[in-house]
Amino acid sequence: MPRTATSPSTAASSLAPTPASRRRTSASVVLRSVLEHGPVARSTIARLTGLSPASVTDYCSRFTELGLIRESALPQRAQGVGRPHVPVDLDDSRFVVGGVHVAVPYTTVALLDLRGRVVDRRELRHDGADAAAILTRAADGLAALLARSPRLRALGVGFAAGGWVDRDSGTVVEHPLLGWYEVPVRELLGARTGLPVHVDGHARALVNAERLFGRARGSRSVLHLFVGNVVDSAFATHDEVHHGPRSQAGSIAHLPVPGGTEPCACGRTGCLQVELSERTLCRRARQAGVIEGANPMHVVAAAAGGDPEAVRLLVERAGAVGRAARLLLDVLNPETVVVTEVGVMHREDCLAALREGVGDERAAAVLPSGFPDSVLAVAGGSVALDVLYRDPLAA
C-alpha cells in the first residue's frame, strides 16, 4: 500500500514529543537510574538525571504505589546537618515477566524478575512446525511456573525467536527452520495467557538485555551477534534498537563467507548461517566422531574433556565468527560488540580466537554474552522488560 503524503508541518508535529511521551521518558530515566544505581537516594537520582528533586520525588512515589520500587531498610547519612536520606531500590519481590523463546529443537519458558534474573524456567522439546500447538504448550508452561510461585504477579509476556519477527504486528513473518510463516504470536499467546504479549527477534531482545542488565550497560552503541541454529544480528545506538521497515533489520544469514564450502538453500555456497550454524558444527562433530547427537553443548563438553578435535572445531568456528563480526564492525562501528555463541561463552581459547578474527585494534570491544547459562530465557523475558523500562507508568 502506498504511503499517504504528509505535509512538513504535519510530519513535524507527529514526530514532536507530546507531554505524555515526555513524562514517559522522564519516568523511564528515573526507573533506569534506580535499576543501575540502587539503593540510591532521590537527591542522587536528581543529580544523575538532571531532573528536579520534586519530579524525582513524584516519580518515586508513583513507582512505590505501583510496587516497582521500595525504600531501602538502611538510610544513608546526609552530608552535614539534617535527616538521613532514605534510599530507594527496585522491589523485586512482587512482579515478574514471562519469557518465551522458541528455538529449533525446543522452547524455553521462564519467569524473570525486574532485574532480569531468571526466577524459574523449563525447556519444552518440540519436533514439528505446528506453531499453535507449540505456543499453547508454552503458555501452559508459563502458567505452571506461575503456579509454583503464587506470590508473584506477572506483568506481561515477552516472546523472542530467530528469523524475521515483526515487533509491531506481533508476528513471526518467516522462520524457515521452524516452518513458521505469518504466525500471529501476540494474538495466540495473549489469548492463552490473558496477559500483554510483546514480540521481537532474539538478537534485538538480547541487545536490550545487555543494555539493561548485562555487559553493554552504559555503551552508546552496541552490536549483538547471535550465532546458533539461526545467525543474525542487532544494532542499538543511543538506547534505541534499529528495527527497519517491518522489523527486517539484522538479517545476515546470507552474507558470503570467503572460502565457505557449505551449500545454502538459496542456491549459493558459503552463506554465513549455513557455515556457522550449530547444525553445521554438530554435523562436523559427528563426522569427526566427537559426538553422536545434535547438541552443541556436547561438543563443548568434549572439548572440556580434552578432545582435540572438539577443541579444533570450536576454535575454528569462533575465529570465523570473529571475521564475520569484523565485517559488521567496519560498517556500523559500534562502541561495544556482544557475541552469543556456545564456544565463546564457555571457553577462553574460543574468545581469544574470536578477538583475533576481529583484529587487535578492536578486540577489546568484543565481549561474550553476559548470560552464558540463561541466554534464551533472558532473551524472551527481556522483550517484556524493555517495554516496562521504556514506559514504567503503564505497568
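Since this is a predicted model, take the numbers as computed values, not measurements. Counting begins at 1 with the first residue of the sequence.
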With the side chain counted from C-beta on, respond yes when [X] and [Y] share a heavy-atom pair under 4.5 Å apart, and no when they do not.
| X | Y | answer |
| --- | --- | --- |
| His254 | Leu272 | no |
| Arg317 | Glu278 | yes |
| Phe213 | Val378 | no |
| Leu189 | Leu195 | no |
| Phe63 | Val34 | no |
| Pro334 | Leu329 | yes |
| Leu114 | Leu155 | yes |
| Thr171 | Arg186 | no |

| task | Would you please name every residue forming a side-chain hydrogen bond (donor to acceptor under 3.5 Å, both in side chains) with Asp168, sequence neighbours left out? | result |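 Counting only residues at least two positions away or on another chain, Asp168 forms no side-chain hydrogen bond (donor to acceptor under 3.5 Å, both in side chains).
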State plainly whether the residues [X] and [Y] are in salt-bridge range, i.e. N to O under 4.0 Å.
| X | Y | value |
| --- | --- | --- |
| Glu71 | Arg42 | yes |
| Glu316 | Arg323 | no |
| Asp140 | Arg192 | yes |
| Arg211 | Glu240 | no |
| Asp239 | Arg32 | yes |

Does [X] use its side chain to pair, donor to acceptor, with the backbone of [Y] at less than 3.5 Å?
| X | Y | result |
| --- | --- | --- |
| Glu341 | Val227 | no |
| Ser247 | Arg167 | yes |
| Glu275 | Glu262 | yes |
| Thr64 | Cys60 | yes |

With a sphere of 6.0 Å drawn around [atom1] of [X], does it hold more than 12 non-hydrogen atoms of other residues, nucleotides or ligands?
| X | atom1 | result |
| --- | --- | --- |
| Arg215 | CZ | yes |
| Asp127 | CG | no |
| Gln287 | CD | yes |
| Glu348 | CD | no |
| Arg312 | CZ | yes |

| said: If you compare all heavy atoms of Tyr389 against all heavy atoms of Leu90, which two are closest, and at what distance to 0.1 Å? | reply: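 So the two residues come closest at OH-CD1, 3.4 Å.
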| Do you see a donor-acceptor pair shorter than 3.5 Å between the side chains of His224 and Thr340? |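 Side chains of His224 and Thr340: pair found under 3.5 Å.
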| message | Walk me through whether Val315 and Arg347 qualify under side chain to side chain contact (heavy atoms under 4.5 Å, CB included). | response | CA-CA 9 Å; Val315 170; Arg347 294 184 60 86; 5.6 Å; no
Side-chain polar contacts of residues 141-148 - donor-acceptor pairs under 3.5 angstrom, sequence neighbours left out - could you list them?
residue	atom	partner	partner atom	Å
Arg148	NE	Asp120	OD2	3.1
Arg148	NH2	Asp120	OD1	2.8
Arg148	NH2	Asp120	OD2	2.7

